[in-house]
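Only this structure's heavy atoms are used, side chains among them; waters, hydrogens and symmetry mates stay out.
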Amino acid sequence: MLVFANTGRTLQPSPFAGDGPLAAVANNLVGGIPQSGGIALGVVLVALVVDQRVLTDLGLRLGRGVWRRFAGGLALGAAISAFGVAAGVAAGFYEFAGFQLTGGPGVWALLVAGTALSQLLIVVAEELFVRGYIITNAIEGLDGIQSIPRSVAVGVAVAVSSAFFYLTHSTRGDVFAVMAGGLAVLLGIAYVLSGDLAVPIGIHFGVNFTGMIGGSAPQQASIVRLSSTETVAESLVLPPEAVVVRLLGAAVGIGLLFGWYRRARGDGRVAPSIVRPSLRGDRGTETPTESS
């Protein structure tokens with residue numbers, strides 16, 4: 001999988017000439033396809049050929065209600081980013097510098113669409129690997145050991161996936177990596193409670209895309225202009241205090257997820273499909289049982 005991902009990362013085509021906003025967004029979209037495609041292809045090949053899984057084992061459940069689950073995650077992720085910006089402006093972490101609409105309404109709408117698509121590409125690939133593949137395999141392996149309670153298996157799986165997310169984002173600095181790792185805990189819990197990648201994909205996309213539109217991750221499509229005396233990484237208007245605010249938002253999001261699934265299902269247990277995936281032709285004929 002890492003070979004496919006790294007190979008794709010080295011290929012960053014830029015087919016559109018010029019330095020205008022539309023060309024920049026289009027090149028960013030096209031340039032991200034090889035890396036995202038490499039990650040997804042690597043995961044799918046390993047899952048099908050090596051693990052002999054069906055793809056629903058990885059949370060790819062495209063049936064009825066998938067858009068509703070994605071929208072729910074999107075709303076939560078967008079709220080976390082919007083809360084971070086609003087609280088940051090109110091507390092003085094950010095300085096609000098006004099609004100902008102690059103190129104006018106028509107051009108701006110195209111910039112928003114291109115930015116959204118480029119984000120979806122990388123978010124879907126990352127969630128497929130970090131949540132769908134790593135968490136599913138870790139829980140399945142640990143839950144098969146009778147001496148390990150299921151809650152411990154889930155906790156370890158989410159921790160491992162979050163640590164991986166921390167490491168892969170550490171190139172942008174320790175503070176940014178801590179934020180990524182903290183948000184990854186929310187994404188992991190969303191996956192294990194729902195059993196569906198649509199929820200963490202929605203949250204992840206909502207956090208990133210709203211940050212871009214809201215100005216904390218300035219892009220051609222940003223409509224809000226923010227400034228700060230310090231940031232945690234290049235190309236971000238994200239001071240350390242604002243990172244703490246985002247992590248607080250993620251903690252609230254975790255509480256909301258537990259409350260939602262407890263109300264919807266009567267409990268906050270792990271989705272059975274993750275504990276006993278229908279791998280190797282089993283097709284889920286055995287009913288999962290709760291470990292002690």
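Linking Ile, Leu, Val, Met, Phe, Trp and Tyr whenever their side-chain heavy atoms come within less than 4.5 Å puts Val124 and Tyr191 in one cluster. Leu60 and Phe205 fall within the same hydrophobic cluster, where Ile, Leu, Val, Met, Phe, Trp and Tyr residues are linked whenever their side-chain heavy atoms come under 4.5 Å apart, directly or through other members. Ile201 and Val44 fall within the same hydrophobic cluster, defined by Ile, Leu, Val, Met, Phe, Trp and Tyr side-chain heavy atoms under 4.5 Å apart, directly or through other members. The hydrophobic clustering, which links ILVMFWY residues whose side-chain heavy atoms are closer than 4.5 Å, places Leu193 and Val156 together. Cluster membership for Tyr166 and Val185, using ILVMFWY side-chain heavy atoms within less than 4.5 angstrom, is shared.
For the pair Thr210 (side chain) and Ala82 (backbone), a donor-acceptor distance under 3.5 Å is absent. Under the 3.5 Å distance criterion, the side-chain polar atoms of Tyr94 are left unmatched by any main-chain donor or acceptor of Ala87. Using modelled atom types, no side-chain atom of Glu140 and backbone atom of Ile274 make a donor-acceptor pair closer than 3.5 Å. A distance-only check finds no donor-acceptor pair linking the side chain of Ser36 to the backbone of Ile33 [under 3.5 Å]. The closest donor-acceptor contact from the side chain of Thr102 to the backbone of Gln220 lies under 3.5 Å. Remark: side-chain polar atoms of Ser81 are not paired, donor with acceptor, to backbone N or O of Ala78 under 3.5 angstrom.
In plain terms, the two heavy atoms of Ile139 and Ala153 that are nearest each other are CG1-O, 4.1 Å. Listed here is the closest heavy atom pair of Arg150 and Asp143: NE-OD1, 2.9 Å. Counting all heavy atoms, side chain and backbone alike, Ala17 lies closest to Ala23 at O-CB, 3.6 Å. Between Gln100 and Arg225 the shortest heavy-atom distance is OE1-CD, 3.2 Å. Ala125 and Ala40 make their closest contact through CB-N, 4.5 Å (heavy atoms, listed as atom of the first residue, atom of the second, distance). For Leu197 against Leu58, the heavy-atom pair with the smallest separation is CD1-O, 3.0 Å.
Residues Ile134 and Phe129 meet the side-chain proximity criterion, which asks for heavy atoms closer than 4.5 Å. The closest side-chain heavy-atom distance from Arg172 to Leu236 is below 4.5 Å. For the pair His169/Phe176, a side-chain contact is recorded, criterion being any heavy-atom separation below 4.5 Å from C-beta on. For the pair Arg61 and Val66, the minimum side-chain heavy-atom distance is 4.5 Å or more. When side chains are defined from C-beta on, Leu257 counts as touching Leu76, because their heavy atoms get closer than 4.5 Å. Counting heavy atoms from C-beta outward, Phe93 and Ser228 have side chains that stay 4.5 Å or more apart. A 4.5 Å side-chain heavy-atom check between Ile148 and Val152 finds at least one atom pair inside the cut-off. By the 4.5 Å heavy-atom criterion applied to side chains, Ser216 and Arg246 are counted as neighbours.
For Arg262 and Phe258, the positive end is not near the middle of the six-membered ring at less than 6.0 Å and at most 45° from its axis.
Considering only residues two or more places apart in sequence or on other chains, Arg69 meets the salt bridge (Lys or Arg N to Asp or Glu O under 4.0 Å) condition with Asp196.
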Going through the checks in order, is the side chain to side chain contact (heavy atoms under 4.5 Å, CB included) test met by Leu29 and Val25? CA-CA 6 Å; Leu29 172 60; Val25 170; 5.5 Å; no
Evaluate side chain to side chain contact (heavy atoms under 4.5 Å, CB included) for Val192 paired with Ile135, printing each intermediate quantity in order. CA-CA 8 Å; Val192 299; Ile135 288 183; 3.7 Å; yes
Leu101 and Val107: side chain to side chain contact (heavy atoms under 4.5 Å, CB included), yes or no, with the steps? CA-CA 9 Å; Leu101 204 64; Val107 172; over 6 Å; no
Would you check, one step at a time, whether the test side chain to side chain contact (heavy atoms under 4.5 Å, CB included) holds for Asn137 with Arg53? CA-CA 11 Å; Asn137 279 278; Arg53 296 188 181 279; 2.9 Å; yes
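In this pair, Trp67 and Phe70 present their aromatic rings perpendicular. The plane angle is above 60°, beyond the 30 to 60° band.
Note that CG of Leu226 and OG1 of Thr231 are 12.5 Å apart. Values are rounded to the nearest 0.5 Å. If you take CG on Leu256 and CG on Leu186, they are separated by 9.5 Å, rounding to the nearest 0.5 Å. To the nearest 0.5 Å, atoms CD1 (Ile203) and CG (Asn208) are separated by 12.0 Å. Between the CZ atom of Arg131 and the OG atom of Ser162 there is a distance of 6.5 Å, given to the nearest 0.5 Å. The CZ atom of Phe209 lies 8.5 Å from the CD atom of Gln119; values are rounded to the nearest 0.5 Å. Note that CG of Asn28 is 11.0 Å distant from CG of Leu117, once rounded to the nearest 0.5 Å.
Aromatic pair Phe165/His204: centroids less than 6.0 angstrom apart.
Here the options are Leu183, Leu74, Val123, Leu187, the test is side-chain contact (heavy atoms from CB on, under 4.5 Å), and the partner is Val207; only Leu183 passes. Tyr133 pairs with exactly one of Leu128, Asp57, Asp51 by the side-chain contact (heavy atoms from CB on, under 4.5 Å) rule, that one being Asp51.
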